[in-house]
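Remarks on the structure that follows.
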Amino acid sequence: MVKGIMNKILIKRANEHQDKTVLLNGWVYNSRRSGKIGFLMLRDGTGIIQCIVVKNDVGEEKFEQFKRLTQETSISVSGKIVKNDRAPGGFEIQTSDFTIHQISVDYPITPKEHGTEFLMSNRHLWLRSKRQNAIIKIRHQIIKATRDFFDSHDFTLVDTPLLTPNVCEGTTTLFETDYYGEKVFLAQSGQLYGEANAFAMGRQYNFGPTFRAEKSKTRRHLLEFWMVEPEITYCDLNENMEWAENMLAYIVAQVLEHKSEELAILERDISVLEKITAPFPRVSYTDCVEILKKGGFDFEWGGDFGSPEESYISQQFDKPVIIHRYPAEIKAFYMKRDSENEDLVLGMDILAPEGYGEIIGGSEREADYDTLLKRLKEDDLPVEEFQWYLDLRRYGSVPHAGFGMGIERTVSWICKLPHVRETIPFPRMHGRLRP
RNA sequence: UCCGGUAUAGCUCAGUUGGUCAGAGCAGUGGACUGUUAAUCCACGUGUCCGUGGUUCGAGUCCACGUACCGGAGCCA
C-alpha cells in the first residue's frame with residue numbers, strides 16, 4: 001500500500017498524475033467482473049474513476065476480496081494512473097492493492113430508478129449520487145459567484161439576526177419560538193437589519209437562512225431557505241435593477257465556465273443559459289397586465305400575479321424579466337412610492353425563464369421619516385418595535401435600495417430541476433422534517 | 001386550509017367485468033466469462049396487497065372513513 005499525503009490524491013486531479021502510483025480513498029460506486037478482470041468504479045465525492053483489478057496482478061486472495069465488494073463499501077485503492085480511452089473520464093487506475101475499511105451491507109439506493117418519497121427518506125444517502133453531487137457543486141458555485149460579485153464591487157458581508165422580535169413585512173406566517181418567556185420569531189428576511197448595516201458600511205450584503213411557516217406544498221417553496229440580500233445606499237430603483245441583472249448574469253456565466261461537467265450530468269441545455277446576459281427586459285406591472293389580457297387572462301389591474309400569470313409572462317422572454325412598479329396595495333410598507341403615481345411603489349421582481357417564476361424581489365426603500373411612520377401606522381404595525389428602523393431616517397437618511405435573491409429557486413432554475421427540494425442537502429418542507 | 005391523484009416484494013411497477021392473481025424487472029446470493037460502461041448468461045428468494053369497517057358465496061379489485069405521500073391553489077424567495 002502506498003502511504004503518505006504526497007501520494008494521496010483526489011479523483012478530480014487524477015489527470016495531473018498520469019503514470020504515477022497514487023493512493024485514492026473513497027467508496028465503491030459500482031463494480032463489475034468479467035472472469036479474472038474486475039472493474040471497480042471508485043467515488044470520492046470529487047469524481048468517479050475506474051479501477052482495474054486483474055487477478056494475476058493482485059493475487060488470488062485480493063481478487064476474492066474484490067468479489068465481495070458491495071455498493072458504498074469504503075475502500076482505499078493504490079495503483080498507477082494510466083490514460084485509457086475505454087475508461088469513463090479517460091483515465092483509470094491499474095490497481096496494485098486495496099484496503100477495505102467497512103463493507104456496506106444492503107445499501108438501499110441501487111443504480112436503478114427510485115421514487116421521490118423513497119429518495120427523500122434516504123436523503124442522507126441520496127446525496128452520494130452523481131446527480132445530487134452535481135447539484136450541490138452547482139449550488140456552491142452559485143453561492144461563490146454571488147459572493148465574488150459583491151466582494152469585487154466593494155460590498156461587505158454583514159450578518160443579520162435570525163431571532164427577531166418583530167415581523168418584517170407582516171404578511172407571512174412565521175415560526176415562533178421562546179426567548180425567556182417572550183415570543184420571538186425566526187427571521188423571514190434580514191432586510192431591515194441590512195438597511196442599518198448599509199448605512200454603516202455603504203454597501204452591504206447579508207446571506208443566511210430565512211424561515212417561512214407557510215403550509216406551502218409546491219415545487220417552489222421551502223420552510224427554510226437561503227437568501228442573499230444586498231442593500232445599497234445612494235441607490236435608486238433603476239440602479240437596483242442594474243445591480244440585480246449584472247449579478248444574475250455573472251452567476252450564470254460563472255456556472256457555465258466552472259461547472260460544465262455538472263451541467264452535463266444534469267443534461268441541462270447550455271444554449272438557454274448562454275443567452276442570460278445583461279441587460280434584461282424591463283416591463284412595468286401595468287404593461288404586464290396588458291400582456292396578460294392579450295394572452296387571454298381574466299386579470300384586473302391591482303391584483304397580484306399568481307403562478308400561472310408569472311409563468312405566462314416569463315415565457316414571453318428568453319431572459320429573466322424584470323417587472324417593476326407594482327400597485328402599492330399589494331406590496332410591503334417600506335417600499336418607496338413612485339412620485340409620478342402614488343398608487344405605485346418603486347419595487348421590482350425578477351422572474352426566471354422557463355417557468356421558474358420569481359427568484360428576486362426588491363425595491364427602493366422609503367427614505368423619509370414622516371412617510372415611513374405613516375406607512376407603519378397604515379399597516380397597523382407596532383411603531384415602537386420599529387423605532388430603530390425609523391432612526392435610519394432620522395440620522396442622515398439617504399435614498400437606498402436592495403433586493404433579495406432566493407438561492408434554492410436560483411439553483412432550481414439554473415439546473416432546471418423539477419423541484420426546489422433537490423437544491424439543498426436537507427430540505428425543510430411542510431410534511432417533511434426528517435432526515 | 002381547500003382541490004385533484006396515488007398506496008401491491010428491499011426498489012420501480014403490472015394485476016382484465018369481483019372468480020389459481022400473489023406476478024415481472026431490478027437489487028441481493030451462488031456460478032461462468034481478461035475490457036466492462038445501469039455488462040451479459042445460468043440458478044435461487046421474497047408479501048400485514050396502507051389501516052379499519054362494509055357490500056358479496058367470494059375483495060388486491062367495489063363502497064365509506066382514516067392515515068401517509070404526490071401535484072396544484074393561497075403566501076412568497
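Below, read A as the first sequence line, B as the second, and so on, with proteins coming before strands; counting in each chain starts at 1.
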Query - Toward the 5' end of RNA chain B, by each residue's nearest nucleotide, A:R86 or A:P308 - result: A:R86

Query - From A:D304, A:D379, A:D349, residue fulfilling salt bridge (charged side-chain N to carboxylate O under 4.0 Å, His left out) relative to A:K331 - result: A:D349

Query raised in the report: Does the ring of A:F39 meet both stacking tests against the six-membered base ring of B:rG35: centre distance under 5.5 Å and plane angle under 30°?
Result: no

Requested in this report: Please check the phosphate of B:rG71 (OP1 and OP2 only) for any side-chain N or O of A:H419 closer than 4.0 Å.
Outcome: yes

Report summary line: Taken to the nearest whole Å, CG/A:L433 to P/B:rC69 is 11 Å

Query raised in the report: Hey, does A:M405 reach any base, or is it just sugar-phosphate, or nothing, if we go heavy atoms under 4.0 Å?
Result: nothing

Report task. Answer with base, sugar-phosphate or nothing: what part of the nucleic acid does A:D349 contact at a heavy-atom distance below 4.0 Å? Result -> nothing

Query raised in the report: Has the side chain of A:R409 got a donor or acceptor atom sitting under 3.5 Å from an opposite partner on the base of B:rC76?
Result: yes

Can you name the atoms? Protein N/O to nucleotides 3-12 of chain B N/O, anything below 3.5 Å, with the distance.
{"unit_1": "B:rC11", "atom_1": "O2'", "unit_2": "A:E113", "atom_2": "O", "d": "3.2"}
{"unit_1": "B:rC11", "atom_1": "O2'", "unit_2": "A:H114", "atom_2": "ND1", "d": "2.5"}
{"unit_1": "B:rU12", "atom_1": "OP1", "unit_2": "A:G115", "atom_2": "N", "d": "2.9"}
{"unit_1": "B:rU12", "atom_1": "O2'", "unit_2": "A:E113", "atom_2": "OE2", "d": "2.9"}

Query raised in the report: For the side chain of A:E92 and the base of B:rG35, is some donor closer than 3.5 Å to an acceptor across the two?
Result: yes

Requested in this report: If a pair satisfies side chain to side chain donor-acceptor pair (under 3.5 Å) and one of its residues is in residues 236-253 of chain A, list it, with sequence neighbours excluded.
Outcome: A:E245-A:R282

Query raised in the report: Should the ring pair A:H153 and A:F149 be called parallel, tilted or perpendicular, given that the plane angle runs from 0 to 90° and is split at 30 and 60?
Result: tilted

**Report entry** B:rG71 phosphate, OP1 or OP2, under 4.0 Å from A:K217 side-chain N/O
**Finding:** no

Report summary line: By nearest-heavy-atom nucleotide on RNA chain B, the more 5' of A:S216 and A:R68 is A:R68

Query raised in the report: Is the distance from OP1 or OP2 of B:rG71 to the nearest side-chain N or O of A:R421 less than 4.0 Å?
Result: yes

Report task. Please find out if less than 6.0 Å separates the ring center of A:H400 from that of A:F199. Result -> yes

Report summary line: Rounded to whole Å, the CZ-C1' distance (A:R33 to B:rU36) equals 12 Å

Query - Short side-chain N/O contact from A:R219 to OP1 or OP2 of B:rA73, under 4.0 Å - result: no

